[in-house]
Amino acid sequence: MHVTVYSTRLYDRQALERSPGFGGHSFNFLEARLDASTVATAAGAEAVCVFVNDQLDHKVLQALYTLGVRLVVLRCAGFNQVDLVAAQALGMAVCRVPEYSPHAVAEHTLALLLTLNRKIHRAYARVREGNFALDGLLGFDMHGRTVGVVGTGRIGETFCRLMTGFGCTLLATDPTPNPACIAMGVQYVPLPELLARSDVVSLHCPLTPHTHHLINADAFAGMKRGAMLLNTSRGAVVDTQAAITALKARTLGSLGLDVYEEEGGLFFRDLSGAGIQDDVFARLLTFPNVVVTGHQGFFTEDALAAIASTTLANLNAFAATGKPLYPVSV
Ligand code: NAI
């Protein structure tokens, strides 16, 4: 199949090229994001291969269909960036990589947690300046603390497993409780109770109309004073303005983000020479108790290899049967 690949970085291309079966399709690798302004570059392709910040709204999907594209291959698990209703109405197939490495994201969440708790980001800078004072670096033992996990699917379950190793009490909320989590002692409670009791709250639910701004001003008001919030799911699950208000009021103890609701204009690019235009994001970076990474939770060797092989498996299945291996439907 002819495939146009959007938002390509060198590592995406290398992972696909190294994957067995790469030669069975022809790829046109583009650095550009797919949106209404770039969609014409899909001319001649039967499939487009996209990532988290490509925009596949109704207009873009209609334009892709007119160009002859019949398959959208996501190289990610989340699919909030695709108008699935429009894709279905057009008869276009959409597929994703449902599972590549829950460990990659769960372990990155743990990295954010420990960085914030033990102030590693501040200690790193201090020691390099020859400043060995400990004032301001005080942390707390994770052992015996309560961790609340919102969404206990593949990543949430893996994160729970990591936290049991620390001897934490685990609370969770999920419309579909996970038996593996219950077996490891996780207690399912409603979200308000989870927020009120947890020292650390970690978000692992998908972005849907129900979870958009799930953590808003009311949710922050219901959190334990001084608690930590971690978001490695999707940016818009958290109302960023409400987070800034809670940080300024010092009710929110610390914030670790791998995702941001307006990350499309920022992440996966080097803007170090250009400056940041987004004032809300820039404000977040001024807090010493905020650590932000640029959507790198998935970024391990293992995950990239798994994403590439599942992407090829989706393409192979569609080429052979007209159906991808891991379809996403409405
Ligand atoms: P999953 O589909 O296995 O699990 C999601 C869980 O969230 C399910 O158990 C579901 O029932 C639950 N859920 C749905 N609505 C909820 C709500 N209102 N409250 C609480 N729980 C709710 O998905 P997986 O693989 O664990 O991924 C979770 C999310 O992580 C993805 O949707 C994606 O947005 C994000 N992600 C982030 C990455 C990164 O690099 N930072 C990489 C991969 C995924």
Side-chain angles (χ1 to χ4, degrees), residues 102-129 131-152 155-173 181 184-187 194-204 215 219-220 222-233 235 237-238 240 242-260 283-297 299-300:
H103 306 286
V105 185
E107 289 172 15
H108 188 74
T109 310
L110 179 57
L112 288 174
L113 187 162
L114 292 176
T115 300
L116 282 167
N117 178 13
R118 306 307 295 266
K119 323 283 190 287
I120 303 298
H121 55 304
R122 302 187 68 193
Y124 174 82
R126 266 191 208 186
V127 168
R128 289 174 75 93
E129 293 273 309
N131 176 357
F132 303 100
L134 297 182
D135 310 73
L137 302 185
L138 191 65
F140 53 85
D141 285 8
M142 284 308 301
H143 182 86
R145 295 281 171 158
T146 300
V147 176
V149 180
V150 179
T152 51
I155 296 170
E157 177 193 326
T158 309
F159 182 70
C160 285
R161 207 172 294 287
L162 295 177
M163 297 319 299
T164 57
F166 283 78
C168 295
T169 298
L170 282 158
L171 304 178
T173 186
C181 290
M184 68 176 100
V186 176
Q187 189 194 343
L194 179 147
L195 296 174
R197 289 175 55 193
S198 298
D199 300 292
V200 175
V201 174
S202 193
L203 307 178
H204 300 289
I215 307 300
F220 282 115
M223 282 176 76
K224 198 167 176 176
R225 193 177 176 87
M228 178 190 297
L229 176 68
L230 303 168
N231 187 12
T232 58
S233 63
V237 176
V238 175
T240 315
I244 289 172
T245 303
L247 285 162
K248 284 168 78 174
R250 301 191 185 197
T251 51
L252 180 62
S254 54
L255 177 65
L257 300 178
D258 187 48
V259 288
Y260 168 60
R283 181 68 180 99
L284 268 184
L285 298 185
T286 65
F287 292 100
N289 48 349
V290 172
V291 169
V292 184
T293 52
H295 208 135
Q296 71 177 80
F299 199 53
T300 64

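Residue numbers run from 1 in the order of the sequence given. The structure presented is a predicted model; accordingly, all values stated were derived computationally and were not measured. Atom set for the values below is all heavy atoms of this structure, side chains included, hydrogens, waters and symmetry mates excluded.
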Nearest atoms (heavy-atom pairs only) where Met223 meets Met228
CE-O, 4.2 Å

Shortest non-hydrogen contact from Thr152 to Ala172?
CG2-CB, 3.6 Å

Distance (rounded to the nearest 0.5 Å) between Leu162 CG and Glu107 CD
6.0 Å

Taking only residues at least two apart or on different chains, which pairs with a member in residues 138-148 satisfy salt bridge (charged side-chain N to carboxylate O under 4.0 Å, His left out)?
Arg145-Asp199

Let's go through Phe166 and Leu113 carefully: what are the C-alpha distance in whole Å and the side-chain angles of both, what is the deciding distance for side-chain contact (heavy atoms from CB on, under 4.5 Å) to 0.1 Å, and is it a yes or a no?
CA-CA 12 Å; Phe166 283 78; Leu113 187 162; over 6 Å; no

Where do Ala133 and Asn131 come nearest, in terms of heavy atoms and distance?
N-OD1, 3.0 Å

Leu171 side, atom CG; Ser198 side, atom OG - distance, nearest 0.5 Å
4.5 Å

To the nearest 0.5 Å, what is the distance between CZ (Arg283) and OG1 (Thr240)?
13.5 Å

List the steps, then state whether side-chain contact (heavy atoms from CB on, under 4.5 Å) holds for Leu229 with Leu203.
CA-CA 8 Å; Leu229 176 68; Leu203 307 178; 4.1 Å; yes

Return each pair, listed once, that meets salt bridge (charged side-chain N to carboxylate O under 4.0 Å, His left out) where at least one residue sits in residues 163-173; pairs must be two or more places apart or across chains.
none

Taking only residues two or more places apart in sequence, or in another chain, which ones meet Thr232 in a side chain to side chain donor-acceptor pair (under 3.5 Å)?
Thr109

Closest approach of Cys160 to Val149 (non-hydrogen atoms, all atoms of both residues)
SG-CG2, 3.8 Å

With the side chain counted from C-beta on, respond yes when Phe287 and Ile244 share a heavy-atom pair under 4.5 Å apart, and no when they do not.
yes

Kindly compute the distance separating CE (Met163) from CE (Met184), expressed to the nearest 0.5 Å.
12.0 Å

Pairwise side chain to side chain donor-acceptor pair (under 3.5 Å) hits with a residue in residues 157-168, at least two apart:
Glu157-Arg161, Glu157-Asn178

Using 0.5 Å steps for rounding, measure from the CZ atom of Phe132 to the CG atom of Leu137.
12.0 Å

Name every donor-acceptor pair, under 3.5 Å, that has one atom in a side chain of residues 115-124 and the other anywhere in the protein, sequence neighbours excluded.
| unit_1 | atom_1 | unit_2 | atom_2 | d |
| --- | --- | --- | --- | --- |
| Thr115 | OG1 | Ala111 | O | 2.6 |
| Asn117 | OD1 | Phe140 | N | 2.8 |
| Asn117 | ND2 | Phe140 | O | 2.7 |
| Lys119 | NZ | Asn117 | O | 3.1 |
| Lys119 | NZ | Leu138 | O | 2.8 |
| His121 | NE2 | Pro288 | O | 2.8 |
| Tyr124 | OH | Arg128 | NH1 | 3.3 |

Set out, in order, the CA-CA distance, both residues' side-chain angles and the distance that settles side-chain contact (heavy atoms from CB on, under 4.5 Å) for Thr245 and Phe220, then state yes or no.
CA-CA 9 Å; Thr245 303; Phe220 282 115; over 6 Å; no

Just list the side-chain donor-acceptor pairs under 3.5 Å for residues 252-260, sequence neighbours left out, or say none.
| unit_1 | atom_1 | unit_2 | atom_2 | d |
| --- | --- | --- | --- | --- |
| Asp258 | OD1 | Thr293 | OG1 | 2.6 |
| Asp258 | OD1 | His295 | N | 3.1 |
| Asp258 | OD1 | Gln296 | N | 2.8 |
| Asp258 | OD2 | Gln296 | N | 3.2 |
| Asp258 | OD2 | Gly297 | N | 2.8 |
| Tyr260 | OH | Asp278 | OD1 | 3.1 |
| Tyr260 | OH | Asp278 | OD2 | 2.8 |

Reported CE-to-CG distance for the pair Met142 and Leu114, which is rounded to 0.5 angstrom:
7.5 Å

